[in-house]
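The structure appears right after this line, and notes come after that.
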Number of protein chains: 2
Amino acid sequence: MKRSLADRIEQYLKVLIERSEDKRIEIQRSELAETFCCVPSQVTYVIGTRFTEAEGYFTESRRGGKGYVRISRYYLENGVSAGHKELLAFIDELLQEDALSADESDLLKHLISYAFQDMPPEDRRRLFKQLRNVLVDYVNLD
Amino acid sequence: MKRSLADRIEQYLKVLIERSEDKRIEIQRSELAETFCCVPSQVTYVIGTRFTEAEGYFTESRRGGKGYVRISRYYLENGVSAGHKELLAFIDELLQEDALSADESDLLKHLISYAFQDMPPEDRRRLFKQLRNVLVDYVNLD
DNA sequence: CCCCTCTTTGACCTTTATTGACTATCTAAT
DNA sequence: ATTAGATAGTCAATAAAGGTCAAAGAGGGG
């Protein structure tokens, strides 16, 4: 798989975060840019698109001398989950359309809310998408 | 019988998938189009008509620079997946005990059979274990 | 021959990535 | 306090993919 510069920077940062003791790192934007031979705003782009709160990350920064960007991963703490709300909404739709019974939707919602909590957000997002597809498949079987 | 261009592209992709380690490939739409001397949307057509979920495939894509189309085949055969059989058996138990309705167990079995098939085996094993635990929770709610 | 379905093509659209000029905010030295 | 230098942020332009859709073409069965 050929990966873009943004992908490589993302990967690099995620490895650093996972290796860190407290799932938190501090980098210098311009230094990282130099490492990857790109403009500094590329780093900002990567952080802005791949380390969002929706994905379970929290970032802070400081400008000026000795500036830094800090990225913390927090997804294990809160129940914040990627795509969770959307999937629940979709199940509600199916319920409205009588494609699922109340019992079935209850069961699904319970599973979705409790069974996938400690997965990395990217994996969960993928899984939820797939779950949705398979659900569509299922309700169309009749 | 003369095979159409669409047929040949389909064949080509399926060979690649079967040869791949994890039954998953990533291609670039425009590159493949060039290989077959056709317009890129032809590739979209092939994927849309021959790699559907009903046929056991799951696709994802990304636009923009270094974009890709990923096609995964999920394993419709039962024997190969870790913990699959056990989880299905467990659901049957719950059904016997009237802890789940027939509709609910059908839904679950369908999800289990189709939604988690392209995960790495260890992840799936872990997920199934957790799924089982959450199910136990659920049926004990009453 | 006519009709229906599947295929092929291309014009136009949306999303994602990359870059750089300009701006805002710190720190530290004076 | 002022100011110079060092960082990081913003934003818009451009490039690089993939998606959509409708129209035209190609075959096959009646």
Side-chain angles (χ1 to χ4, degrees), chain A residues 1-14 16-17 24-55 57-72 82-83 86 121-122 125-126 129-130 132-133 136, chain B residues 1-14 16-17 24-55 57-72:
Chain A
M1 164 180 173
K2 215 170 174 191
R3 288 151 81 213
S4 65
L5 175 56
D7 288 336
R8 283 184 284 119
I9 295 175
E10 172 191 7
Q11 201 56 37
Y12 177 82
L13 290 175
K14 286 188 173 166
L16 285 190
I17 291 170
R24 158 181 314 202
I25 59 174
E26 263 174 35
I27 56 157
Q28 291 217 291
R29 189 181 78 143
S30 53
E31 185 189 296
L32 186 58
E34 201 153 314
T35 302
F36 281 91
C37 292
C38 64
V39 295
S41 56
Q42 177 75 280
V43 175
T44 303
Y45 172 73
V46 170
I47 289 169
T49 55
R50 275 109 155 137
F51 294 86
T52 66
E53 278 185 48
E55 321 222 12
Y57 294 90
F58 175 65
T59 71
E60 304 158 274
S61 68
R62 202 175 64 191
R63 305 185 187 191
K66 302 285 192 324
Y68 61 81
V69 177
R70 178 159 50 210
I71 310 176
S72 326
E86 290 76 5
E122 313 95 78
R125 186 191 316 283
R126 243 169 65 82
K129 197 169 154 192
Q130 203 157 350
R132 180 188 167 122
N133 287 335
V136 169
Chain B
M1 162 185 168
K2 181 141 195 301
R3 289 154 80 230
S4 67
L5 175 55
D7 288 338
R8 282 184 288 120
I9 295 175
E10 172 191 8
Q11 205 54 38
Y12 177 81
L13 290 175
K14 287 190 171 164
L16 284 190
I17 291 170
R24 162 185 316 197
I25 58 173
E26 263 172 35
I27 57 157
Q28 291 217 285
R29 189 181 77 143
S30 53
E31 189 187 291
L32 186 59
E34 203 154 310
T35 303
F36 282 90
C37 292
C38 62
V39 295
S41 55
Q42 176 76 287
V43 175
T44 303
Y45 172 72
V46 171
I47 289 170
T49 55
R50 273 104 157 147
F51 294 86
T52 66
E53 285 169 53
E55 324 218 14
Y57 294 90
F58 176 64
T59 72
E60 302 161 277
S61 68
R62 197 173 71 186
R63 305 187 185 188
K66 300 289 191 306
Y68 58 81
V69 177
R70 178 158 51 210
I71 310 176
S72 327

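Residue numbers start from 1 in every chain, and the chains themselves are labelled A, B, ... in the order their sequence lines are given, proteins ahead of strands. Only heavy atoms go into these numbers, but all of them, side chains included; no hydrogens, no water, no symmetry mates.
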*Per-nucleotide protein contact string for nucleotides 24-30 of chain C, where B marks a base within reach and S marks sugar-phosphate only (heavy atoms under 4.0 Å, - for neither)*: BBBS---

*Rounded to whole angstroms, how far apart are CD1 on I71(A) and P on dG9(D)?*
10 Å

*asked:* Measuring from the side chain of Y45(A) (C-beta onward, heavy atoms only), which nucleotide among dT18(C), dG9(D), dT8(C) has the closest atom?
replied: dT18(C)

Donor-acceptor contacts, no H, no angles, side chain residues 38-46 of chain A, under 3.5 Å, sequence neighbours left out:
residue : atom : partner : partner atom : Å
T44(A)  : OG1  : R29(A)  : NH1          : 2.8

*asked:* Strictly below 4.0 Å: does T44(A) bring a side-chain N or O up to OP1 or OP2 of dG9(D)?
replied: yes

*If each of R29(A) and E31(B) is mapped to the nucleotide of DNA chain D with the nearest heavy atom, which maps nearer the 5' terminus, i.e. the 5' end?*
R29(A)

*Selection from dT7(C), dT20(D), dA8(D) that lies nearest to any side-chain heavy atom of D7(B)*: dT7(C)

*Any idea which of dG18(D), dT8(C), dG9(D) is nearest the V69(A) side chain?*
dG9(D)

_By salt bridge (Lys or Arg N to Asp or Glu O under 4.0 Å) - contacts of R24(B) (at least two apart)_ = D118(B)

_Among dT7(C), dA17(C), dT9(C), which nucleotide has an atom closest to any side-chain atom of V39(B)?_
dT9(C)

*At under 4.0 Å between heavy atoms, what does R8(A) touch on the DNA or RNA strands: base, sugar-phosphate, or nothing?*
nothing

_ring-ring contact (aromatic ring centres under 6.0 Å, His included) partners of F36(A), counting only residues at least two apart_ = Y12(A)

*asked:* Looking only at the side chain of Q42(A) (C-beta and beyond, no hydrogens), which of the listed nucleotides dT18(C), dT7(D), dG18(D) gets closest?
replied: dT18(C)

_Whole-Å distance separating the CZ atom of F36(A) from the P atom of dT18(C)_ = 11 Å

*Between T49(B) and L5(A), which is nearer to the 5' end of DNA chain C once each is assigned its nearest nucleotide?*
T49(B)

*asked:* Please pick, from dA8(D), dG19(D), dT19(C), the nucleotide with the shortest atom-to-atom distance to any side-chain atom of C38(A).
replied: dT19(C)

*Any side-chain heavy atom of R3(A) sitting closer than 4.5 Å to one from E10(A)?*
no

*dG9(D) P sits how many Å from Q28(A) CD, rounded?*
12 Å

_Rounded distance (Å) that lies between atom P of dA17(D) and atom CZ of R70(B)_ = 17 Å

*With sequence neighbours excluded, tell me which residues meet salt bridge (Lys or Arg N to Asp or Glu O under 4.0 Å) with K129(A).*
none

*Apply side chain to side chain donor-acceptor pair (under 3.5 Å) to R132(A) and list each qualifying residue two or more places apart in sequence or on a separate chain.*
none

*Integer-rounded Å distance: dT18(C) P and L32(A) CG*: 13 Å

*At how many degrees, to 10°, do the end axes of the helix from dC1(C)-dG30(D) to dT30(C)-dA1(D) meet when each uses five pairs?*
10°

*Check against side-chain contact (heavy atoms from CB on, under 4.5 Å), I17(A) and Y57(A)*: CA-CA 10 Å; I17(A) 291 170; Y57(A) 294 90; 3.9 Å; yes

*Of the nucleotides dT19(C), dA17(C), dA8(D), which one has an atom closest to the side chain of S30(A)?*
dA8(D)

*Minimum heavy-atom separation for L13(B) to L32(B), with atom names?*
CD2-CD2, 3.9 Å

*To the side chain of S41(B), which of dC21(D), dT7(C), dG18(D) is closest?*
dC21(D)

*Quick one: F51(A) CZ to dG9(D) P, roughly how many Å, whole number?*
14 Å

Could you list the donor-acceptor pairs under 3.5 angstrom formed between side-chain atoms of residues 62-72 of chain A and any protein atom two or more places apart in sequence or on another chain?
residue : atom : partner : partner atom : Å
R62(A)  : NH2  : K66(A)  : O            : 3.4
R70(A)  : NE   : E60(A)  : OE1          : 3.0
R70(A)  : NH1  : E26(A)  : OE2          : 2.8

*Does F58(B) have any ring-ring contact (aromatic ring centres under 6.0 Å, His included) partners at least two apart in sequence or in another chain, and if so, which?*
none

*Can you tell me the distance, in whole Å, between the OH atom of Y68(B) and the P atom of dA17(C)?*
9 Å

*dT16(C) C1' sits how many Å from E10(A) CD, rounded?*
13 Å

